[in-house]
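Below: one structure, written as structure tokens.
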Amino acid sequence: MTTTAGAHPELLDRRADYPILDRRTYLINNSLGAMHRETRRRLDDFADLWDSEGVVAWNTWFPEMMRVADLVGTVIGAAPGSTVLRANVADALASVASCFDLGGTARSKVVTTAADWPGSHYFWTEQVRRHGGELVVVPYDEGGISVSTDRIVDAIDDRTLLVSVSLVQFRTSALLDLAPVVEAAHRHGAVVVLDAYQAAGCLPVDMAAYDVDICVGGSVKFLCGGPGNGWLSVAPRLVETLRPAAVGWISHAEPFAFEWDDIRYADGIGRFAGGTPNVPAAYAAAPGYQAIVDIGIERIRERSQSLTQLLLDGALERGFDVRSPDDPNRRGGHVTIDPGNAKRVHDALIERKILVDYRPGGGIRIGPHFYNTTDECVEVLDAIAELAAS
Ligand SMILES: Cc1ncc(COP(=O)(O)O)c(C=O)c1O
């Protein structure tokens, strides 16, 4: 198999910013993106400030949290000032769900899909179990790679309160055709909650252009931000109408007034801030986010598509079963392949310091980022072929 450098080979100049790339064949960016070398320095900045300023450090930390949240907002096409950092997607969803009364009205249906994140499935199942309402889970199409947009649209009706879907599916990397889903949801008066976790940082996400109501995700994958920062963005046209029950003192319009009355909500996204934020996580994440913004998501997408296509074609050439869409425009940032005995092959790859992951019902997930070389993609395919045959 002959390989080229792939799209935008100039991005390889940035490899030195991600030290692990010297020590591992790092192809698992759909699970945990590589740490940016500036992250270590930023964590020192955080510690220095705490150590030197004590409580006065909050005067720096609070504005920094908002700046970092807006960096994520830039990546997902959210309006400035409409994104807040939360612990993770589960935490962000809890905050979102607390705005709605699932059991209270004729509008009490949540539509989601079998391809969504299991944590979100557990979440909505328990919400409905405790508070009432109905959960409709649209199944996979035959073949188990994607969920048909038509079936999601058909499941949405005038009783639908929320439509909770992933832009890129975590198992197979299938990319949802979102526009018809948003159109159907809005036609029926439902709110769209988009999980853009697997998409953010590897393909263009434009919350405003999609007219999505609420967008959630986190930082450990292609954003290279590490754990501790989930994010929640709410369309400015909607946010003032939402009254979350899962609030904390920083959700208040004047947190430092320490009022005892009913909450007076902060303006805009501030009402979703909750309690004391995870400052070190935001410090750690900023260099990863900034690199994505500086490079530009279009260039990243073009490189990602060229690398995932190379992986997909190479997998087919070697006779592996491919569990991701072959159309690059219907695919996210990883390719799932099943060479047979995927779990055993995966474990052996890790021993060889070729980092990928394994998902039951899918296979081996390989998620290159802009800093991966085509040689690394060929290396993993050759290693899989050798291990699968042994
Ligand atoms: C689509 C998607 N949503 C959510 C998550 C994670 O959710 P949480 O932030 O609650 O751990 C993942 C993967 O970790 C994912 O792939």
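Counting convention: from 1, in listed order, for ligands and their atoms alike. Below, each value reflects all heavy atoms present in this structure, side chains not excepted, and no hydrogens, waters or symmetry copies.
- Note: Tyr265 and His252 fail the aromatic proximity criterion, with ring centroids not under 6.0 Å apart.
- Backbone and side-chain nitrogen or oxygen atoms of Gln198 are examined, and one is located within less than 3.5 angstrom of a nitrogen or oxygen of ligand 1.
- A salt bridge is absent between Asp326 and Arg331: the closest approach of a Lys/Arg side-chain nitrogen to an acidic carboxylate oxygen does not fall below 4.0 angstrom.
- Remark: Arg303 is not positioned above the aromatic ring of Phe370, lacking an NZ or CZ atom under 6.0 angstrom from the ring centre and at most 45 degrees off the axis.
- The shortest contact between atom 9 (O) of ligand 1 and any protein heavy atom is with Val89 N, 2.8 Å.
- Arg67 CZ: more than 12 foreign heavy atoms inside a 6.0 Å radius.
- Contact annotation: for Asp195 versus ligand 1, heavy atoms closer than 4.0 Å belong to the side chain alone.
- Ligand 1 has a nitrogen or oxygen under 3.5 angstrom from a nitrogen or oxygen of Ala90.
- Ring geometry for Trp117 against Phe170 counts as perpendicular: the plane angle is over 60°, on a 0 to 90° scale with 30° as the lower cut.
- Taking every non-hydrogen atom of Phe170 and a distance limit under 4.0 Å, the qualifying atoms of ligand 1 come out as 16 (O).
- Contact analysis puts Lys221 in contact with ligand 1, with a non-hydrogen atom separation below 4.0 angstrom.
- Nearest protein heavy-atom neighbour of atom 7 (O) of ligand 1: Trp117 NE1, 3.2 Å.
- Nearest protein heavy-atom neighbour of atom 11 (O) of ligand 1: Asn88 CB, 4.3 Å.
- With Asn29 contributing its side chain and Gly367 its backbone, the two residues share a donor-acceptor pair below 3.5 Å.
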